[in-house]
Amino acid sequence: MAQISLTFPDGNSREYEAGITAAEVAADISSSLRKKAISATVNDQHWDLQWPIDTDSRIAINTMKDLEPALELVRHDLAHIMARAVQELWPNVQVTIGPVIKDGWYYDFDRKEPFTPEDLATIEKKMKEIINKRDEVRTEIWERPKAIAYYEERGEPYKVELIESIPGNEPLRMYWHGDWQDLCRGPHLQHTGQVPADGFKLLSIAGAYWRGDSDRPMLQRIYGTAFTNKEGLKAHLHMLEEAAKRDHRKLGREMDLFHMQEEAPGQVFWHANGWTIYTQLQDYMRRKQRADGYVEVNTPQVVNRKLWEESGHWDKYQENMFIVEVDEDHAREKTVNALKPMNCPCHVQIFNTGMKSYRDLPLRIAEFGACNRYEPSGALHGIMRVRGFTQDDGHIFCTMDQIEAETKKFISFLAEVYADLGFENWSVKLSTRPEKRIGSDETWDILEKSLGEACNAAGYEYELLPGEGAFYGPKLEFTLTDAIGRTWQCGTLQVDTNMPERLGSTYVGADGEKHTPVMLHRATLGSFERFIGILIEEHAGKLPFWLAPRQVVVASIISDANDYAEEVAAALRAAGVRAEVDTRNEKINYKVREHSVGKVPVILALGAREVEEKTVTVRRLGENRTSVTSLDEIVSELKKAATAPDLL
RNA sequence: GCUGCGGUAGCUCAGUGGUAGAGCGCGUCAUUGGUAAUGACGAGGUCGGGAGUUCAAUUCUCCCUCGCAGCACCA
């Protein structure tokens, strides 16, 4: 047998016979490590203790203290243990797949009867029994025909299909947790007892399509969450509870920002408070865009189908469009229109008027464009995914040579805006050429490279999403995260050479010839609706002062202070601060509580002392202490705080 | 759109085959109180919409609609 050399994290090496397993290496170090070991890391690859090592390698033995591999294994073994529990409880259930995901795992089952919440408790109990049995985990590599025959015999067609989809040159690995077998790449723990019985919880049941394909059967998915110990689980469940309190739908109601109702699904009724946030944000964006070289335009809402046919939307996007037919008796002919689902074709119409020269490029056109899309009912989500929304849309008409510089400029712009609005954590994704696409590979090469390099030049790293681009060009996506960790695309930049050509846009080049411009579709916030939803969740309703709909409540403690309260509020309003008075016949405790719950950032309390001394007692949201300030001082301070960051 | 679950007062939620209840909020009165809920009294609901079963439906059944979770979708 050949000898191999294994190098440990401390730099020491030992010689072993080739084919030694990681478990044997652990045993060679110490018998206690052999017991505590959960897996190994071999040449940066997560390695099952049972797998043999055949070549010189770097090796580290992992225990539960190595959090990353530990969580991976605990969650993965729990997926198998849950599937085993389900099949022990309901032998007719077919198993499919069960991967590890953020904070936990899921497993998809095919079962006629729906799982109920009570079933989750039953399954959990069964899982704990399996864990307590400390059943050994074994693995083997199987020949394909044997594996297929095995699953066919057991009536598990999903597994057969999975095996058939695995490339022929890849070995098929089987794992057993006790006697229960599953096809799995591994690695896994040594025995079921290594899973902490009090570190996991089954969370929910939901439908999910087999292989993510809506034309295939819908399975039942059970989600679970797991950590290496009870405390980790408890902390996570607590975080979920806290996050639920930040839900923009809940805060929207509590802060009286907006509501939605059955007669207008997916559309927002903005109340005065919410509309204040909206208009503040819009005013800010308008100033920022103007300063960044955009011209602002406005285009029609109801547009004849002819334009949508020309743009290609009628063919490809009709299902998602609100169609408006005009069929009045006095109409000479019936016309078919659609509410615009996006602004780009309209902006092209503006570009197309008159003659454009290369000297006009890049031409940056912006619009706060109201769009309507008939989104699938199941996709709607508060104000984050709606059917009527307004994009902070913009289209940059430019030459190929200008793409990179314009992209870089846009990324810097977006970064400034996000920073002003209090976002530090956002990510960039670059979606590249999809299978179905137009344009030559050379063009795609150039476009993808331009976006990537612009990103790097602006100082941001991006995640690659291969094949996720639009059919006409690659795109950058800028995503933000909501309260419970769901990510939402907000900003975007897409390169499009198709639409300008389709709609006949040209400019005269330096050579005197006509050329087709490139069009960059870009949005910073994405839509006001979605962005405000994210904004509310990010700040848990406690918006930055300049955006807060209700900035100051001047509350009187005694009725003798009412006149002074009006005076203070008037002074603040004159300084551009949104101030209201609360002279109701209520105790100051009551007023403080009510306005704190309402997320008012500043409460000014006024009693006899303040009237006497022309001062105010300031209480800021989130602080228990108060401070006394002169009226002049607080006015100038809050005036500054109420100023948008771009005007400071 | 699909699977599952839900819709009772402005909000959060109990409840029942014989047309409904709590807390908060709202209104009135009393209270002038110094930083997260003063007290008393009062008003407020065709129980999401439609159909069916029944002597009788908010309750059972079906359809529709909206919402929630997830999936699919997201130019």
Side-chain angles (χ1 to χ4, degrees), chain A residues 106 108 111 113-117 203-223 244 247 249-250 253-254 256 259-266 311-313 316-317 319-321 340-345 371 373-382 384-386 391 393 468-473 475 477 484 486 488-489 492 494 496 498-499 521 523 526-527 530 555-562 583-598 603-610 617-628:
Chain A
Y106 68 75
D108 288 348
R111 177 186 184 225
E113 306 73 32
F115 287 113
T116 64
L203 291 179
S204 60
I205 312 151
Y209 295 109
W210 168 234
R211 315 219 97 185
D213 184 342
S214 58
D215 292 331
R216 313 225 36 197
M218 179 154 274
L219 308 168
Q220 294 187 65
R221 175 172 295 179
I222 301 179
Y223 285 92
D247 191 306
R249 293 165 294 192
K250 183 176 155 68
R253 194 166 47 240
E254 289 171 1
D256 194 17
H259 86 273
M260 303 175 89
Q261 66 187 48
E262 214 171 308
E263 289 79 359
S311 70
H313 290 92
K316 294 209 167 77
Y317 202 64
E319 277 187 354
N320 288 288
M321 301 207 295
K340 70 175 168 188
M342 51 205 60
N343 308 296
C344 18
C371 296
R373 298 181 188 171
Y374 190 79
E375 299 285 8
S377 56
L380 303 180
H381 180 91
M384 306 265 229
R385 182 85 182 265
V386 285
Q391 296 178 314
D393 207 357
E468 295 290 310
F471 74 92
Y472 52 73
K475 64 177 174 183
E477 289 178 31
I484 64 164
R486 288 176 288 217
W488 295 87
Q489 181 195 311
T492 182
Q494 304 180 17
D496 185 2
N498 177 246
M499 196 179 296
H521 307 251
S527 80
R530 176 175 294 180
S556 57
I557 296 167
I558 48 167
S559 53
D560 283 347
N562 288 356
T583 52
R584 290 175 303 170
N585 180 12
E586 295 290 350
K587 291 188 171 182
I588 190 64
N589 297 26
Y590 182 88
K591 295 183 184 181
V592 166
R593 176 184 152 77
E594 189 179 278
H595 301 307
S596 299
V597 168
I603 298 169
L604 302 181
L606 311 178
R609 276 202 307 272
E610 289 80 4
T617 297
V618 186
R619 185 188 164 115
R620 290 171 199 281
L621 187 58
E623 290 177 17
N624 290 327
R625 61 188 177 77
T626 59
S627 60
V628 180

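Below, chains carry the letters A, B, ... as their sequence lines are ordered, and counting in each starts from 1. The figures that follow rest on heavy atoms only: side chains count, while hydrogens, waters and symmetry mates do not.
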Original post:
How far does the C1' atom of U46(B) sit from the matching atom of G50(B), given to the nearest Å?
Top reply: 14 Å
With a non-hydrogen cut-off below 4.0 angstrom, is [X] in contact with a base, only sugar-phosphate, or nothing?
X	answer
Arg609(A)	base
Ala555(A)	nothing
Ala605(A)	base
Thr617(A)	base

I'd like to know if [X] reaches the base of [N] with its side chain, counting only an N/O donor and acceptor under 3.5 Å.
X	N	result
Thr626(A)	U35(B)	no
Arg619(A)	A36(B)	yes
Glu610(A)	G34(B)	yes

Treating [X] as the side-chain partner and [Y] as the backbone partner, does any N or O pair qualify as donor plus acceptor under 3.5 Å?
X	Y	result
Lys591(A)	Ile557(A)	no
Glu254(A)	Val597(A)	no
Arg530(A)	Gln489(A)	yes
Glu610(A)	Gly607(A)	yes
Arg373(A)	Asn320(A)	no
Gln220(A)	Phe115(A)	yes

Original post:
Does CZ in Phe471(A) sit with more than 12 non-hydrogen atoms of other residues, nucleotides or ligands closer than 6.0 Å?
Top reply: yes
Original post:
Do the side-chain N or O atoms of Tyr590(A) get closer than 4.0 angstrom to the phosphate oxygens (OP1, OP2) of C24(B)?
Top reply: no
Subject >> C73(B) OP1/OP2 closer than 4.0 Å to side-chain N/O of Arg385(A) >> reply: no
Subject >> For His521(A), ring pair (Phe, Tyr, Trp, His ring centres under 6.0 Å) partners two or more places apart >> reply: His395(A), Tyr472(A)
Original post:
Base, backbone or nothing for each nucleotide of nucleotides 61-70 of chain B, written B, S, -, heavy atoms under 4.0 angstrom, 5' to 3'?
Top reply: ----SS-SSB
Original post:
So which of residues 591-598 of chain A are in contact with RNA chain B, with a heavy-atom cut-off of under 4.0 Å?
Top reply: Val592(A), Arg593(A), Ser596(A), Val597(A)
Please determine, for the side chain of [X], which listed nucleotide ([options]) has the closest atom?
X	options	value
Ser214(A)	A72(B), C11(B), G4(B)	A72(B)
Arg584(A)	C26(B), G34(B), U38(B)	C26(B)
Glu586(A)	U12(B), U38(B), G33(B)	U38(B)

Original post:
On RNA chain B, nearest-nucleotide positions of Arg253(A) versus Leu604(A): which is more 5'?
Top reply: Arg253(A)
**OP:** Enter the distance from Leu219(A):CG to Tyr209(A):OH here, rounded to the nearest 0.5 Å.
**Re:** 11.0 Å
Original post:
Taking any strand in view, what nucleotide pairs with G6(B) in a Watson-Crick or G-U wobble way, both distances under 3.5 Å?
Top reply: C66(B)
